[in-house]
Structure formats: C-alpha cells, structure tokens
Amino acid sequence: MTAATVKSTPAATPAARVPVPRVLAPAALAVSALSCVFAVWTAATLWQAAPDQGGWAWTLRAVAVIGGLAALAVLRPATEAIRRSGRARAAAAVPGRIAEARAEAADAREAAQVAAGSSLAVVVLTLLAVFLLANDHAVQATFFSPEAISSSFRNVTEAFGTNVFIAVAAEALVLVWGLVLAVAKLAPGRAGRPLRWLATAYIDVFRAVPSIVIIYLIGFGLPLAQIPGLSSLTPTWAAIFALTLTYGAYVAEVYRSGIDSIHWSQTAAARSLGLSHARTLRHVVVPQAVRRVTPPLLNDFIGLQKDTALVTVIGTIDAFNQAKIYASNEFNLSSVTVVAALFVVITIPQTRFADRLLARGGASGKDS
C-alpha cells in the first residue's frame with residue numbers, strides 16, 4: 001500500500017469505533033425522572049386520602065412515604081448511565097483507550113436499561129395505587145377495608161382449615177388413583193387392551209369436564225341416587241371424592257409420561273432377570289418415574305388446592321363460603337380478599353419449591 005493510498009483512505013477515529021449511548025442514557029434519565037414525579041405525586045395523594053382515625057391511617061401514610069422514597073432509587077442507575085456515557089466519550093477520544101471506552105459504553109447501556117426497567121416497575125405500582133385511590137378510595141374500601149378484614153379474619157381462617165383438609169386428603173387419594181389409571185393405560189398385550197380402552201376413556205372424559213360440574217354431580221347426585229355407602233357422604237367427603245375423580249385423570253397422564261420416559265433397556269434388563277411385568281413396574285420403572293414427575297405432580301396439586309374453593313357449590317363451609325356470608329351481610333368484599341391472601345400464602349411457597357425441583361432436574365440432566 002503506497003503513501004498516497006494511505007492518505008486517500010479516511011482513517012476511522014477511535015470514537016467512531018465505540019458505540020457510545022448518546023441518546024439512551026439521557027432518555028433513561030428523563031423516563032426515570034417522570035416516573036419519580038408520578039410516584040411522589042401519588043404518594044402525596046395517598047397521604048392526604050388516608051382516613052384520620054386509627055392505626056390504618058398511619059399504615060397508609062407509612063406506605064406512601066416508603067413508596068415515594070423507594071421510587072427515587074430509580075434515579076441512581078439513570079445518573080450512572082449518564083456518568084459512564086461521559087466516561088466512554090472521553091476515553092474514546094484518546095488513542096489507546098478503546099477497550100476502556102467500550103467497557104464504559106457497555107456499562108452505560110446496562111445502567112440505562114436497568115433504569116428503564118425500574119421506571120416501568122414504578123409506573124405499574126403507581127398505577128395500582130392510583131386504582132386503589134380511585135373514586136375517593138372506594139376500591140380500597142371495598143376490597144381492603146381494615147374493619148371488614150379484622151371482623152372476618154378469624155372465622156375465614158378457621159374455615160380455611162376445611163380447604164386444607166380437602167386438599168391433603170384428595171392429594172393422598174389422587175396419588176394412588178392416578179397411578180392405577182396410568183398402569184391400566186399402559187397394560188401390555190391383547191389381554192390389556194380392554195383396560196387401556198377403559199382407562200383412556202376415563203381420562204379423556206374427566207379431563208374434559210370442568211371440576212365444578214363433577215363436584216356438583218357428586219355432591220347432589222349421589223344423595224339423590226341413594227347409592228349405598230356413597231349417598232351418606234358429608235359434603236366435605238363428597239368434595240374429596242369428586243376432586244379425586246377429576247385430578248386422578250390429570251395425574252395419570254403425568255405418571256404415564258414419567259413411565260414412558262424410562263429407557264426401554266431398564267425394562268428389558270428387569271425382564272431378562274425373570275421379573276414379571278408387574279414386578280418390573282413396581283421395583284424398577286415406577287420408582288424412577290415418580291422421581292422424574294415430582295415437579296409436575298406438585299403443579300397439579302397446586303391447582304387442586306385452588307379448586308377446593310369450588311366446593312362451595314355443594315354447601316361445604318369452606319373459607320370462600322364463609323367469606324361470602326360476611327360479604328353479603330356487610331356489603332363488602334374484604335373478607336373474600338382474606339381468602340385470596342390465604343391461598344397466596346400456601347400456594348406461592350409450593351410454586352417456588354416446584355420451580356426449584358424443575359431447575360435441579362434440568363441441571364442434573366445437563367450434567368449427565
């Protein structure tokens with residue numbers, strides 16, 4: 001390459017090779033500032049809207065102050081983005097500091113994205129607070145009245161014990177019934193064909209019919225039919241029976257997928273040692289399958305726990321039924337909010353536990 005060619009080729013400046021976020025960082029700062037103004041204005045409105053009596057007013061005011069101060073925290077990553085963007089421009093203008101400039105530019109982009117995401121979260125939470133304050137905080141008074149919550153909390157919590165009992169009893173029965181259905185659906189040979197047809201038909205029907213319909217048919221149909229041993233069931237046990245029939249179909253498919261996931265060599269090795277089909281399932285296949293399907297089983301049981309609220313249709317005095325009594329007497333739905341909170345308290349830890357088991361299973365699968 002000649003000297004003339006070098007002179008005629010425009011040399012790229014160091015700054016041109018560094019994508020400095022010149023617009024993203026100021027935009028993130030502007031969005032963060034607007035979200036902070038919106039949040040502080042909402043906090044001030046919440047402070048003024050708090051009732052002037054009782055500890056509930058100070059609770060609302062404390063939430064307003066904490067929320068307003070927390071919203072200001074989104075300014076930190078925004079200002080950090082501005083600062084690092086300036087560092088990136090300064091470093092890009094100096095030959096030999098390209099690597100430093102690129103690192104500062106990457107940090108500036110990340111800080112700007114964090115600021116934008118945090119601002120979005122602040123806006124969403126602020127809109128929720130505005131919704132609670134709407135119509136002279138009528139929404140808050142309807143769903144979160146402290147007087148209604150305190151008056152119904154004890155009885156609703158005691159009635160929630162019925163939901164827990166139904167869920168635990170049904171889960172124990174579903175584990176057995178679902179495994180029976182799964183084994184019947186996998187029955188081998190021509191001799192097992194009728195069992196496969198019956199199990200498939202059962203699973204298809206009970207997965208298609210809504211749980212509330214099954215509960216209604218069992219709760220009111222069995223007493224009308226006068227079936228010996230079944231017509232005398234209490235509403236609680238009728239609900240357990242109905243949920244067992246329904247969720248047995250779902251759990252059977254979970255078991256079946258777990259059994260099918262066991263490599264055929266396991267079955268072949270067991271049969272070569274002289275084990276029968278039943279003993280192969282019992283000692284080799286099913287134990288491995290159960291370990292694999294534990295997370296989806298937990299997910300099904302979480303759904304079962306939520307469906308225990310459906311037993312109110314047959315007159316079982318559970319938490320939801322008790323809450324409806326308070327709601328109809330007081331013309332307020334805060335007691336139903338208590339029911340929702342109770343389900344959240346017992347469901348979310350199980351959900352996180354199931355997610356952890358799923359993550360652990362995925363990690364062990366990658367390691368193997």
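The first residue in the sequence is number 1, and the count goes up from there. Since the structure is predicted, the reported quantities are computational estimates derived from the model, not experimental observations.
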Exercise for the section: Would you please indicate yes or no on a ring centroid separation below 6.0 angstrom for F160 and F343? Expected result: yes
Practice task
Report yes if the distance between the aromatic ring centroids of Y202 and W177 is under 6.0 Å, otherwise no.
Solution key: yes
Fill in the blank from the handout: side chain to side chain donor-acceptor pair (under 3.5 Å) pairs touching residues 217-229, sequence neighbours excluded, are none
Closest approach of [X] to [Y] (non-hydrogen atoms, all atoms of both residues):
{"X": "I98", "Y": "A92", "value": "CD1-O, 4.4 Å"}
{"X": "V336", "Y": "A327", "value": "CG2-CB, 4.4 Å"}
{"X": "A81", "Y": "A112", "value": "CB-N, 3.6 Å"}
{"X": "V74", "Y": "A71", "value": "CG2-O, 3.1 Å"}
{"X": "S261", "Y": "R292", "value": "O-NH1, 2.8 Å"}
{"X": "V339", "Y": "A319", "value": "CG2-O, 3.5 Å"}

Rounded distance [0.5 Å steps], [atom1] in [X] versus [atom2] in [Y]:
{"X": "I203", "Y": "K185", "atom1": "CD1", "atom2": "NZ", "value": "4.5 Å"}
{"X": "L243", "Y": "L173", "atom1": "CG", "atom2": "CG", "value": "10.5 Å"}
{"X": "I302", "Y": "I348", "atom1": "CD1", "atom2": "CD1", "value": "10.0 Å"}
{"X": "L181", "Y": "L245", "atom1": "CG", "atom2": "CG", "value": "9.5 Å"}
{"X": "N163", "Y": "I346", "atom1": "CG", "atom2": "CD1", "value": "7.5 Å"}
{"X": "S145", "Y": "N332", "atom1": "OG", "atom2": "CG", "value": "5.0 Å"}

Handout entry: Atom OH of Y216 with >12 non-hydrogen neighbours under 6.0 angstrom
Key = no
Exercise for the section: Mark yes when over 12 heavy atoms from residues, nucleotides or ligands other than F220 sit less than 6.0 Å from its CZ; otherwise mark no. Expected result: yes
State, with a plain yes or no, whether a side-chain heavy atom of [X] is found less than 4.5 Å away from one of [Y].
{"X": "Y250", "Y": "V174", "value": "no"}
{"X": "V286", "Y": "I262", "value": "no"}
{"X": "L342", "Y": "V345", "value": "no"}
{"X": "I166", "Y": "D318", "value": "no"}
{"X": "V40", "Y": "L72", "value": "yes"}
{"X": "F301", "Y": "L175", "value": "yes"}
{"X": "P26", "Y": "I82", "value": "yes"}

Counting only N and O atoms by type, is there a donor-acceptor contact under 3.5 Å from the side chain of [X] to the main-chain atoms of [Y]?
{"X": "T312", "Y": "A309", "answer": "no"}
{"X": "S151", "Y": "A148", "answer": "yes"}
{"X": "Y247", "Y": "G303", "answer": "yes"}
{"X": "S118", "Y": "A115", "answer": "no"}

Using distance alone, with no hydrogens and no angle criterion, decide if [X] and [Y] have a side-chain donor and acceptor under 3.5 Å apart.
{"X": "T236", "Y": "T316", "result": "no"}
{"X": "Q350", "Y": "Q305", "result": "yes"}
{"X": "S85", "Y": "R89", "result": "yes"}

Practice task
Could you walk me through whether T42 and T126 pass side chain to side chain donor-acceptor pair (under 3.5 Å), step by step?
Solution key: CA-CA 7 Å; T42 304; T126 305; 5.1 Å; no
Exercise for the section: Take C36 and L75 through the test side chain to side chain contact (heavy atoms under 4.5 Å, CB included) and record every step on the way to the result. Expected result: CA-CA 8 Å; C36 287; L75 292 174; 3.7 Å; yes
Practice task
Output yes when R207 and E253 qualify as a salt bridge under the 4.0 Å nitrogen-oxygen rule, no when they do not.
Solution key: yes
Problem - Short N-O contact, E158 and R154, less than 4.0 angstrom - result: yes
Completion exercise
salt bridge (charged side-chain N to carboxylate O under 4.0 Å, His left out) filter on R109, not counting sequence neighbours, yields none
Exercise for the section: Please answer: with hydrophobic residues joined when any side-chain heavy atoms are less than 4.5 Å apart, are V114 and L120 in the same cluster? Expected result: no
Exercise for the section: Measure from NZ or CZ of K324 to the centre of the six-membered ring of Y326, then state whether that distance is under 6.0 Å and the direction lies within 45° of the axis. Expected result: no
Practice task
Using side chain to side chain contact (heavy atoms under 4.5 Å, CB included) as the criterion, point out the one residue from V156, T162, V338 that pairs with Q322.
Solution key: V156
Exercise for the section: Give me the other members of the hydrophobic cluster that F38 sits in, counting Ile, Leu, Val, Met, Phe, Trp and Tyr linked by side-chain heavy atoms under 4.5 Å, directly or via other members. Expected result: W41, V123, L127, V130
